[in-house]
Amino acid sequence: SATGWVVVKAGNASNDNAGQKIWVRVAYTAPQEVDTEVYLPEHKVSIWTGIQDSIWSDCRNWETGLNPQDSLEVILPASSDDYQPIISENVSIPALTVESGRTLTISAGAHLNITGNLTNNGTIVLEGSPNTPSTMLYEGSYSGTGEIQYKHNLSSNRWWYLSPMA
């Protein structure tokens, strides 16, 4: 008999039938002694799937089912028919990769802090209102051919200073 874990990953690859159901039959025979120690896999990368909605903090939108705060790198893969991620709160992550065709939006009042490198080949949108900007700070290097857009609604006689930091 085999020991260890069995991982089954299933999904609706065609995205044309939202109500699609999958049945899996698993047979399990318990051992004589049960090890009750918890073994968590090492969590090094968080990959966005966007299968639930656009909410960054919804763990159902991440491949591992865990929010990315504790990972080493966050990857937003090239866009398909899934939801584009929107950050609506303060988030701090070690590194971020935005692939081509993907758009990451940081809502007014939200802050994204990247303590390492930012690779942007997609689009990052910083939204704001007259009194509530969004902010993004990265402490490592910047690379990629993507763009960063600023969408701030300004009231009359009001100025915002935008400055890239090197």
Side-chain angles (χ1 to χ4, degrees), residues 7-18 20 40-166:
V7 177
V8 177
K9 184 175 180 181
N12 182 359
S14 65
N15 286 333
D16 60 357
N17 186 357
Q20 181 177 2
L40 295 176
E42 193 171 335
H43 187 71
K44 291 188 174 188
V45 177
S46 290
I47 300 173
W48 175 263
T49 62
I51 60 173
Q52 182 64 31
D53 51 38
S54 292
I55 300 171
W56 176 278
S57 61
D58 188 337
C59 65
R60 297 172 293 180
N61 288 316
W62 297 97
E63 188 172 85
T64 59
L66 299 171
N67 290 338
Q69 286 81 358
D70 295 330
S71 68
L72 296 176
E73 181 178 5
V74 172
I75 298 174
L76 306 179
S79 182
S80 59
D81 292 333
D82 57 357
Y83 292 96
Q84 300 288 347
I86 299 174
I87 295 176
S88 300
E89 65 276 336
N90 294 337
V91 171
S92 182
I93 54 175
L96 175 63
T97 298
V98 181
E99 293 184 354
S100 178
R102 177 64 67 194
T103 298
L104 169 63
T105 301
I106 304 169
S107 296
H111 174 73
L112 173 60
N113 183 49
I114 305 164
T115 58
N117 298 332
L118 169 59
T119 303
N120 180 21
N121 290 306
T123 303
I124 299 174
V125 179
L126 291 115
E127 294 180 336
S129 62
N131 294 316
T132 312
S134 60
T135 57
M136 178 179 68
L137 173 67
Y138 61 92
E139 299 174 23
S141 65
Y142 178 89
S143 63
T145 59
E147 59 183 39
I148 297 176
Q149 299 176 359
Y150 299 93
K151 294 185 177 182
H152 289 265
N153 296 321
L154 301 177
S155 56
S156 61
N157 299 323
R158 188 94 192 227
W159 293 86
W160 285 101
Y161 294 99
L162 303 175
S163 174
M165 298 182 72

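Bear in mind that the values here come from a model prediction, so they are computed numbers and not experimental data.
- At a threshold of 4.5 Å between non-hydrogen side-chain atoms, the residues P133 and L126 do not count as touching.
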Inset, instruction - Take T97 and E73, measure what side chain to side chain contact (heavy atoms under 4.5 Å, CB included) needs, and give me the verdict at the end. - result: CA-CA 8 Å; T97 298; E73 181 178 5; 2.7 Å; yes
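- N120 contributes no side-chain N or O that, together with a main-chain N or O of G144, makes up a donor-acceptor pair within less than 3.5 Å.
- With values rounded to the nearest 0.5 angstrom, S92 atom OG is found 7.0 Å from H111 atom NE2.
- At distances below 3.5 Å, at least one donor-acceptor pair connects side-chain atoms of N117 with backbone N or O atoms of S141.
- Scanning all heavy atoms of the two residues, the minimum distance from T115 to E139 falls at O-CB, 3.7 Å.
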Inset, instruction - Before giving the answer on side chain to side chain donor-acceptor pair (under 3.5 Å), spell out for E63 and S46 the whole-Å C-alpha distance, their side-chain angles and the decisive distance to 0.1 Å. - result: CA-CA 7 Å; E63 188 172 85; S46 290; over 6 Å; no
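- Classification of the W56-W62 ring pair by plane angle, with boundaries at 30° and 60°, yields perpendicular.
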Inset, instruction - Let me see the working for N61 and T49 under side chain to side chain donor-acceptor pair (under 3.5 Å), right down to the final yes or no. - result: CA-CA 5 Å; N61 288 316; T49 62; 5.2 Å; no
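- Not counting sequence neighbours, the partners of Y142 by the ring pair (Phe, Tyr, Trp, His ring centres under 6.0 Å) test are Y138.
- The minimum heavy-atom distance linking Y83 with S54 is given by the pair CB-OG, 3.5 Å.
- Remark: D58 pairs with R60 by the salt bridge (charged side-chain N to carboxylate O under 4.0 Å, His left out) rule, at least two apart or across chains.
- Nearest heavy-atom pair across S129 and A108 is N-CB, 4.0 Å.
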Inset, instruction - Test side chain to side chain contact (heavy atoms under 4.5 Å, CB included) on I124 and E147 and set out the steps. - result: CA-CA 6 Å; I124 299 174; E147 59 183 39; over 6 Å; no
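- When all heavy atoms of A110 and I87 are compared, the closest pair comes out as CB-O, 3.5 Å.
- How far CG of N113 is from OG1 of T135: 8.5 Å, rounded to the nearest 0.5 Å.
- Residues passing the side chain to side chain contact (heavy atoms under 4.5 Å, CB included) test with S88 are I86, S107, sequence neighbours excluded.
- The minimum heavy-atom distance linking I106 with M136 is given by the pair CD1-CB, 4.0 Å.
- Looking at S100 and N121, their side chains never bring a donor and an acceptor atom within 3.5 Å of each other.
- Taken to the nearest 0.5 Å, the CG atom of N90 stands 11.5 Å off from the OG atom of S57.
- Scanning all heavy atoms of the two residues, the minimum distance from R102 to A78 falls at NH2-O, 3.8 Å.
- Atom CD1 in I93 sits 5.0 Å away from atom CD1 in I114 (nearest 0.5 Å).
- The side-chain heavy atoms of L112 and L137, taken from C-beta on, include no pair separated by under 4.5 Å.
- Separation of atoms CH2 (W48) and CD (E99) is listed at 14.5 Å; rounding is to 0.5 Å.
- Looking at T123 and Q149, their side chains never bring a donor and an acceptor atom within 3.5 Å of each other.
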